[in-house]
J.: 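What follows is a single structure, and I will ask about it in a moment.
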Number of protein chains: 2
Amino acid sequence: MKYPTRLSDAVHILAFIALYPDCDLTSNKLAESVQTNPAYVRQLMSALRKGGLLVSVKGHPRPALAREPEKITLLDAYRAVEGNKPLLHQDIHTNPACGVGVNIQLVLRDFYLDIQKTAEHKMQEITLKDVLEQYHIKLEGIHT
Amino acid sequence: MKYPTRLSDAVHILAFIALYPDCDLTSNKLAESVQTNPAYVRQLMSALRKGGLLVSVKGHPRPALAREPEKITLLDAYRAVEGNKPLLHQDIHTNPACGVGVNIQLVLRDFYLDIQKTAEHKMQEITLKDVLEQYHIKLEGIHT
DNA sequence: TTTGATGTTATTTTTATTATAACAACATAT
DNA sequence: ATATGTTGTTATAATAAAAATAACATCAAA
């Protein structure tokens with residue numbers, strides 16, 4: 001595969017937009033910071049828009065947050081770009097004729113849901129505001 | 001397919017071994033239940049052995065748990081087969097010349113570690129004993 | 001009207017994961 | 001001792017998810 005970095009890139013984009021609210025932010029400029037191509041950035045922004053986190057209009061390089069940073073959580077961003085993809089994956093190709101394997105996978109399903117819920121709860125507690133705050137603290141630390 | 005299922009398969013194998021403690025369990029039989037090939041099973045078992053969860057000897061098809069099921073957690077199994085691989089992945093290819101991006105990724109790192117810790121704590125609370133207990137409960141539900 | 005950007009779709013490339021093959025080393029039974 | 005079967009390990013191939021890229025119609029603004 002290739003490890004998914006959509007959430008990281010999405011937060012990167014959201015933070016960048018929050019930091020430069022009144023500037024022309026083309027997908028090209030954002031792509032430079034993420035070091036990727038503009039089309040990928042636009043794809044992520046499309047997902048964020050559909051997720052209700054971002055507003056933007058075709059042809060106009062002025063994306064803006066759809067709501068305040070304190071009301072945008074990491075879980076919101078995750079849902080927008082990853083949907084309901086779980087963090088841990090079951091093996092859905094085990095032998096259906098083997099009752100043992102089938103039932104073990106059924107049990108694992110419940111435990112994975114539990115873990116997922118726990119992680120998502122944490123992700124829901126972290127907002128874009130938190131990210132921006134820590135960002136500024138990091139910046140101050142550098143300039144002193 | 002191609003999402004990682006090593007943890008799922010590892011637990012599958014561990015549970016199977018726990019359920020049939022005094023039987024010949026060849027990698028072939030286990031592979032039938034997981035519906036994969038014996039070599040992959042042996043690779044997972046090798047990781048579990050190195051992780052101290054399993055004991056087995058070359059040429060002898062009698063794998064056994066290295067310790068009681070209540071002392072084997074999902075986190076133990078995860079560490080054995082996934083090492084320190086995180087659940088969420090940072091984008092480590094952002095533009096190093098862009099201070100904004102660099103610092104956002106640094107901040108994300110801390111938050112991801114927080115989420116990771118939370119998930120791992122939950123994984124540590126779930127033992128193979130729990131899996132086996134739920135397995136038996138599921139079985140009873142079927143036979144009544 | 002021209003320029004430049006977006007939003008979207010389709011295709012290619014990359015790479016982590018699983019599948020598979022091959023074989024030396026070991027256990028067991030005869 | 002030998003034959004048989006299994007493990008442990010390594011190397012390579014196949015698969016599939018993610019990111020990279022290309023292409024273009026559509027829209028905004030000067």
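The basis for the numbers below is simple: all heavy atoms, side chains too, and nothing from hydrogens, waters or symmetry mates. What you see is a predicted model; the values in this text were computed from it and never measured. To find a chain, count down the sequence lines: A is the first, B the second, and so on, and within it residues start at 1.
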J.: Can B:Tyr40 and B:Ser27 be counted as having a side-chain donor-acceptor contact under 3.5 angstrom?
T.: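 Not at all, the side chains of B:Tyr40 and B:Ser27 share no donor-acceptor pair under 3.5 Å.
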J.: Does the protein touch nucleotides 5-12 of chain D at the base, only the backbone, or not at all? Give it as B, S and - per nucleotide, heavy atoms under 4.0 Å.
T.: BBBBBBB-
J.: Keeping the roles fixed (side chain from B:Asn103, backbone from B:Gly99), state whether a donor-acceptor pair exists under 3.5 Å.
T.: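 Yes, because the side chain of B:Asn103 sits within donor-acceptor range (under 3.5 Å) of the backbone of B:Gly99.
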J.: Without swapping roles, check the side chain of B:Asn95 against the backbone of A:Glu32 for a donor-acceptor pair under 3.5 Å.
T.: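 Here the side-chain-to-backbone pair exists.
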J.: Whole angstroms only, please: what is the NE2-P distance between B:His93 and D:dA18?
T.: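 The answer, rounded to whole Å, is 17 Å.
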J.: Just the rounded figure in Å: distance from P of C:dG7 to CD1 of A:Ile13.
T.: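 Taking atom P of C:dG7 as the reference, CD1 of A:Ile13 is at 12 Å.
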J.: Do A:Val100 and B:Tyr20 have side chains that approach each other closer than 4.5 Å (heavy atoms only, starting at C-beta)?
T.: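 SC-SC contact between A:Val100 and B:Tyr20 confirmed.
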J.: Measure the shortest side-chain to side-chain distance between B:Arg79 and B:Asn84 over non-hydrogen atoms and say whether it is less than 4.5 angstrom.
T.: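 In contact.
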J.: Counting only side-chain N and O atoms of B:Thr5, is one of them less than 4.0 Å from OP1 or OP2 of C:dT17?
T.: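 Answer is no, no contact under 4.0 Å.
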J.: When the distance from CD1 of A:Ile92 to C1' of C:dT17 is rounded to whole Å, what number comes out?
T.: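 Value for this atom pair: 14 Å.
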J.: Do the side-chain N or O atoms of B:Thr36 get closer than 4.0 angstrom to the phosphate oxygens (OP1, OP2) of C:dT18?
T.: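 For C:dT18, neither OP1 nor OP2 has a side-chain N or O of B:Thr36 closer than 4.0 Å.
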J.: Find the distance A:Asp24:CG to C:dG4:C1' and express it as a whole number of Å.
T.: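 A:Asp24 atom CG is separated from C:dG4 atom C1' by 11 Å.
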J.: For the residue pair B:Arg49 / B:Ser56, report whether a side-chain donor-acceptor contact shorter than 3.5 Å exists.
T.: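 Note: B:Ser56 and B:Arg49 side chains meet the donor-acceptor criterion.
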J.: Take the protein atom CD of B:Glu32 and the nucleotide atom P of C:dA19, then report the distance between them rounded to whole Å.
T.: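 Taking CD of B:Glu32 and P of C:dA19, I get 15 Å after rounding.
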J.: Which whole-number value in Å describes the distance from B:Lys85 NZ to C:dT18 C1'?
T.: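 One finds 12 Å between C1' of C:dT18 and NZ of B:Lys85, rounded.
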J.: Quick one: A:His89 NE2 to D:dA17 P, roughly how many Å, whole number?
T.: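 Rounded to whole Å, this separation is 10 Å.
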J.: Would you tell me whether B:Gln124 and B:Glu120 have side-chain atoms, one donor and one acceptor, within less than 3.5 Å of each other?
T.: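 Result is no, nothing qualifies.
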J.: Among the nucleotides D:dT21, C:dT17, C:dA19, which one has an atom lying closest to any side-chain atom of A:Asn37?
T.: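 Closest nucleotide among those given: D:dT21.
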J.: Measure distances between side-chain N and O atoms of B:Lys2 and base N and O atoms of C:dT17, and say whether any donor-acceptor pair falls under 3.5 Å.
T.: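 Answer yes: a donor N or O sits under 3.5 Å from an acceptor.
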J.: Grab the OH-P distance between B:Tyr40 and C:dT20 for me, whole Å please.
T.: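 It works out to 12 Å between those atoms.
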J.: From the options C:dT17, D:dA18, C:dA19, select the nucleotide whose nearest atom is closest to the side chain of B:Tyr3.
T.: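 Per side-chain heavy atoms of B:Tyr3, the pick is D:dA18.
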